[in-house]
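What follows is a single structure, written as structure tokens, with notes after it.
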Protein chains: 2
Amino acid sequence: MAAFTSKDVARIAGVSQSTVSYVMTGKRPISERTRKRVLDAMEQLTYEPHSGARALAGRRTQVVGLVVPFGADGQIFGLLPFIETIASSARAHDHEVLLVTADEGSAGLRRLAGRALCDAIIMMDIEEHDDRVPVAAALPVPVVLIGVPADPAGLHCVDLDFETAARMAVDELADTAHDEIVVLGYPASAMERGLNFVGRVLRSARQRARARGVPLTVIEPVEHGQEATAEAVDQLLARRGGGRLGVVLPHNDSIGPILRALRTRDVLPGRDISVIGISPDPQAEESDPAYTNVSEEPRDVSRRAMETLFWLLDPAPGVERPGVDLVAPRLIRRSTVMPIPSN
Amino acid sequence: MAAFTSKDVARIAGVSQSTVSYVMTGKRPISERTRKRVLDAMEQLTYEPHSGARALAGRRTQVVGLVVPFGADGQIFGLLPFIETIASSARAHDHEVLLVTADEGSAGLRRLAGRALCDAIIMMDIEEHDDRVPVAAALPVPVVLIGVPADPAGLHCVDLDFETAARMAVDELADTAHDEIVVLGYPASAMERGLNFVGRVLRSARQRARARGVPLTVIEPVEHGQEATAEAVDQLLARRGGGRLGVVLPHNDSIGPILRALRTRDVLPGRDISVIGISPDPQAEESDPAYTNVSEEPRDVSRRAMETLFWLLDPAPGVERPGVDLVAPRLIRRSTVMPIPSN
DNA sequence: TTGAAAGCGTTACCAA
DNA sequence: TTGGTAACGCTTTCAA
């Protein structure tokens, strides 16, 4: 296990070291005969190329930097499918994934690029006005954002289409003959952080409700914690005037507490009130009750982000990628929307 | 931003390249005067050393490989605190974190070592008989396991002390005058995978209950899914003979469904029955009802694992680390254990 | 306390 | 279709 080099492979295969290199990179035509001898030698020595040497000589690290929103608070629930999909896509392209936490801020980005730790960067959890975005844009490596900032500064972004998500929720409630829609908004902290989707969701919901002729109210902010949630829910229930009331819950973290508050008040979603969340599927599925949700499609979003990233690393001729790539959400019906009355 | 090298720094500082290197590594005494000039030059150029070149010449990557249990099913709920703590500890030692998913199996390990991608490896979610452990033990880089396999093969392991965890749960119920204890066990799949703690928990609980003179029954397997859970819960409730019944739930994934089943049956934990989970804190805290739990201490476990890892990379003279390092759990009382009757 | 120079293991150019 | 060889940017020995 004393770590063989391409020189060893060359010796065993009876070829030059450069030939070994060309067999690996495929950047030069190699006769079938030599190729086989080289591959055999590699096999025999269980040879693996030294990544540092390769990075130094070839100026390619075969590493993707991934900036994840740890350290930052927030919707950590749905994080894993993103990371998982990114890791698997990287692997499929023979790339490694280097983890950087968001609490490092721009310094993390500069380190990734400055030390030549990676060939490209994926950055998650982008805020509307995000300090890191201008820094990222100036980096000598391509950066793909998951999330859409106010000014993408020329960077490629991928995200859920939150406008459509809000519209789908409103449509579902309008289609099922609801008389009124209430959106329970975000906590003040989220609004201050200017997460890119907060505004998009509320605006789109309002607009669609108007178009569908259903009155829509937004209650916000909805803070975390027992009492704050209780208060918001009471405010919500006060609006129930015998009509069919539908609630849209666009903020992951508050959905659980809100459902609990409803239960405490003996208000049963799907019977007394309708509830639609914008949230990761597993959360909706495992919640009690399992609620109808508009999915955040972490796998689609991540996959598209990685497609863009590898395209930037190796632009296919004639193919283009959109600057802002919005992924269509999917509405999954569970039991929390009251069916249309049969009369 | 054209990436400066240590040669540039040397030129600006008016010293040799080797001096720049020695300033960075501190492996040679440098006069205060030269040191300052070098540091100034670095600052001025915003110099960052090329990690590939450094790895090649110095045979140190300053990278920690992290094998996470994605792709594998399972208790993904509590995963993030582990990753977060590991990332932060790595950063504190000026190391990067390279992510490898468990579904790559031993191939991932061999790649990490063979390509010189990292200096050391942390591997999570170790099964009792884990194919990767012998491979890891033969690697030319140190490996620290989070989890304890049947045969650690000389590797260092860190994990929660599940024996003590089980004992604490039993003690808490015995101390609060319970007449009977039931442990709702693991699904068959977990038992087959031979997760290292399954056996440890049940054995220790049985033993402690005997010592405390409280009858203890284990119901297992408890499969996932609505009906399976319901069945287990009915089986559980059938044991209630007017006495004080305490339940221990050692398996994360089943705790939510079980609590739900209890609620459906109008059995209120903390009033009609007692419940203690062995689970991550946030899960216990955010559950409804928030239940008394024995914490898995992901932060402590990860921190100790990283301490061991950096000790292996740079053994301090005179200091030793235990081969198997078990972290003490902590019991957090919430509302699901019935208080001692006051009479 | 410092400098010069020989590697480290690849890639890629220049020849053949 | 192949081989020789000069980088790549750092660390570290050997000299001074």
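Naming: A, B, ... by sequence-line order, numbering from 1 per chain.
Residue A/S51 is classed as having no contact, given no heavy-atom separation below 4.0 Å to the nucleic acid. Contact annotation for B/T19: backbone-only contact, meaning every heavy-atom pair under 4.0 Å involves sugar-phosphate atoms and none involves a base. Among the protein residues, B/R28 comes within range of the nucleic acid bases, having at least one heavy atom under 4.0 Å from a base atom. Contact annotation for B/V20: no contact, since no heavy-atom pair falls under 4.0 Å across all strands.
Looking at heavy atoms from C-beta onward, A/M306 lies in side-chain contact with A/I122 at the 4.5 angstrom threshold. The side-chain heavy atoms of A/L313 and A/H95, taken from C-beta on, include a pair separated by under 4.5 Å.
Contact annotation: side chain of A/S18 to base of D/dG4, donor-acceptor pair present below 3.5 Å.
Here the C1' atom of nucleotide C/dG9 and the NE2 atom of B/H50 are 13 Å apart, to the nearest Å. We find that CZ of A/R37 is positioned 14 Å from C1' of D/dG3, with the value rounded to whole Å. Nucleotide C/dT11 holds its C1' atom 8 Å from the NZ atom of A/K27, rounded to whole Å. Rounded to a whole Å, the CG atom of B/L45 is 15 Å from the C1' atom of D/dG9. In this structure, CD of B/E32 is placed 15 Å from C1' of C/dT2, rounded to the nearest angstrom. Residue A/R59 contributes atom CZ, which lies 17 Å from atom C1' of D/dC10 at whole-angstrom precision. For the pair A/D8 CG and C/dT10 C1', the interatomic distance rounds to 13 Å; values are reported in whole Å. Atom CZ of B/R54 is separated from atom C1' of C/dG7 by 18 Å (rounded to the nearest Å).
Phosphate contact (OP1/OP2 of D/dG4, side-chain N/O of A/S16, threshold under 4.0 Å): absent. Contact check, B/T25 against D/dT11: no side-chain N or O comes under 4.0 Å of OP1 or OP2.
Here C/dT2 is the nucleotide among C/dT10, D/dC10, C/dT2 with the atom lying nearest to any side-chain atom of B/I30.
Each of A/T5 and A/Y22 was matched to the nucleotide of DNA chain C holding its nearest heavy atom; the match closer to the 5' end belongs to A/T5. In terms of position on DNA chain D, the residue among A/Q17 and A/P29 whose nearest nucleotide sits closer to the 5' end is A/P29. Mapping B/T34 and A/M24 onto DNA chain C by nearest heavy atom places B/T34 at the nucleotide closer to the 5' end.
Between the side chain of B/R28 and the backbone N or O of B/Y22 there is no donor-acceptor pair closer than 3.5 Å. Counting only distance, with no hydrogens or angles, the side chain of A/D325 and the backbone of A/P322 share no donor-acceptor pair below 3.5 Å. Between the side chain of B/E96 and the backbone N or O of A/L99 there is no donor-acceptor pair closer than 3.5 Å.
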